[in-house]
Q: 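First, the structure itself, so that you have it in front of you.
Note that these values count all heavy atoms, side chains included, but never hydrogens, waters or copies made by symmetry.
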Amino acid sequence: FRSIAFLRMFYPAKFLTHLVSRLPDGGTDELHHEENVMISLRDDGTWALRYNDPENGGQTMLQGTEHHLSVSRSGHIVSRLLFRIGERCESVYRTPNGEFEMSTLATLYNAQVDDQRGTLELHYDLFFNGALTAHNELTATWERT
């Protein structure tokens with residue numbers, strides 16, 4: 001028997017992200033993103049954040065709990081990345097040019113979410129077709145609008 005998580009709250013928010021990628025060759029990339037999103041909080045403590053992703057022709061969704069996170073993209077590129085501390089999580093990255101194997105290894109995950117705001121910190125290694133692609137540090141915040 002599994003209990004059903006009932007939706008507790010649903011609200012619009014302003015979402016800000018900062019991603020720092022340290023590449024194996026010593027280079028560094030930084031991306032900043034700002035988006036209007038919809039947040040849902042459930043009675044069981046899980047949360048979800050969804051926004052339109054016009055660059056990809058679809059949507060992006062983050063789903064989290066106290067212990068793990070998933071990031072799903074739909075559109076021209078389809079992917080679902082999973083993050084669990086100390087666990088290498090495998091996934092597939094589908095593009096118009098074919099499918100590629102991806103995996104993540106999270107070393108830090110911290111999320112604090114309430115009915116007004118949220119903060120997220122995630123450090124992880126990203127592997128593409130088995131090779132280390134980047135050491136990433138993602139910070140994200142959102143606030144109810």
Q: If we ignore hydrogens and angles and just use 3.5 Å, is the side chain of D53 paired with the main-chain N or O of G58 as donor and acceptor?
A: no
Q: Check whether more than 12 heavy atoms from other residues, nucleotides or ligands sit under 6.0 Å from atom CZ of R80, and answer yes or no.
A: no
Q: Name all residues meeting the ring-ring contact (aromatic ring centres under 6.0 Å, His included) criterion together with H33; count only those two or more places apart in sequence or in a different chain, and write none if there are none.
A: Y51
Q: Evaluate T95 against N97 for side-chain hydrogen bond (donor to acceptor under 3.5 Å, both in side chains), listing each step before the verdict.
A: CA-CA 5 Å; T95 74; N97 299 322; 4.6 Å; no
Q: Rounded to the nearest 0.5 Å, how far does CD1 of I85 lie from CG of L69?
A: 10.0 Å
Q: Taking the side chain as every heavy atom from C-beta outward, state whether T17 and W142 have any atom pair closer than 4.5 Å.
A: no
Q: Taking it one step at a time, do L81 and Y93 satisfy side-chain contact (heavy atoms from CB on, under 4.5 Å)?
A: CA-CA 9 Å; L81 297 176; Y93 187 76; over 6 Å; no
Q: Just so I know, are the side chains of L62 and V37 near enough to count as touching, which here means a heavy-atom distance under 4.5 Å?
A: no
Q: Closest approach of R88 and L105, non-hydrogen atoms and distance?
A: N-CD1, 3.8 Å
Q: For residues F127 and V92: do they belong to one hydrophobic cluster (side chain heavy atoms under 4.5 Å, members Ile, Leu, Val, Met, Phe, Trp, Tyr)?
A: no
Q: Would you say that L126 contacts M102 through its side chain, given a criterion of any heavy-atom pair below 4.5 Å between the two side chains?
A: yes
Q: Could you list the donor-acceptor pairs under 3.5 angstrom formed by side chains in residues 132-140, with sequence neighbours left out?
A:
| unit_1 | atom_1 | unit_2 | atom_2 | d |
| --- | --- | --- | --- | --- |
| T133 | OG1 | F128 | N | 3.3 |
| T133 | OG1 | A131 | O | 3.4 |
| H135 | ND1 | D125 | OD1 | 2.4 |
| N136 | OD1 | S21 | OG | 2.5 |
| N136 | ND2 | Y124 | OH | 3.3 |

Q: So do the side chains of Y109 and H68 get within less than 4.5 Å of each other, counting heavy atoms only?
A: no
Q: Within the 4.5 Å heavy-atom criterion, are K14 and N36 side-chain neighbours or not?
A: yes
Q: Please examine the side chains of L108 and E121, heavy atoms only from C-beta on, and report whether any two atoms are closer than 4.5 Å.
A: yes
Q: Determine, stepwise, if the pair N52 / Q59 fulfils side-chain hydrogen bond (donor to acceptor under 3.5 Å, both in side chains).
A: CA-CA 4 Å; N52 289 326; Q59 289 191 336; 3.3 Å; yes
Q: Got a donor-acceptor contact below 3.5 angstrom from the D25 side chain to the G27 backbone?
A: yes
Q: Once rounded to the nearest 0.5 Å, what's the spacing between atom CG of D114 and atom CG of L41?
A: 8.0 Å
Q: State whether the number of non-hydrogen atoms from other residues, nucleotides or ligands found under 6.0 Å of E90 atom CD is greater than 12.
A: yes
Q: Are there over 12 heavy-atom neighbours, none belonging to Q112, within less than 6.0 Å of that residue's CD?
A: no
Q: Do V20 and L23 share a hydrophobic cluster (ILVMFWY, side-chain heavy atoms under 4.5 Å, transitive)?
A: no
Q: Please check this pair: side chain of T104 against backbone of L82, looking for a donor-acceptor N/O pair closer than 3.5 Å.
A: yes
Q: Do you know which two heavy atoms are closest between A48 and Q63, and how far apart they sit?
A: CB-CG, 4.1 Å
Q: Could you give the distance from CZ (R117) to CD (E143), rounded to the nearest 0.5 Å?
A: 5.0 Å
Q: First locate atom CD1 of I39, then atom CD of Q116, and finally report the distance between them rounded to the nearest 0.5 Å.
A: 11.5 Å
Q: Do you know which two heavy atoms are closest between D115 and Y11, and how far apart they sit?
A: O-CE2, 3.6 Å
Q: Taking atom CG of L16 and atom OG1 of T141, what is their separation to the nearest 0.5 Å?
A: 4.5 Å
Q: Suppose we screen for ring-ring contact (aromatic ring centres under 6.0 Å, His included). Which residues come up paired with H18, at least two apart in sequence or across chains?
A: H32
Q: Got a second to check how far L122's CG is from F83's CZ, nearest 0.5 Å?
A: 5.0 Å
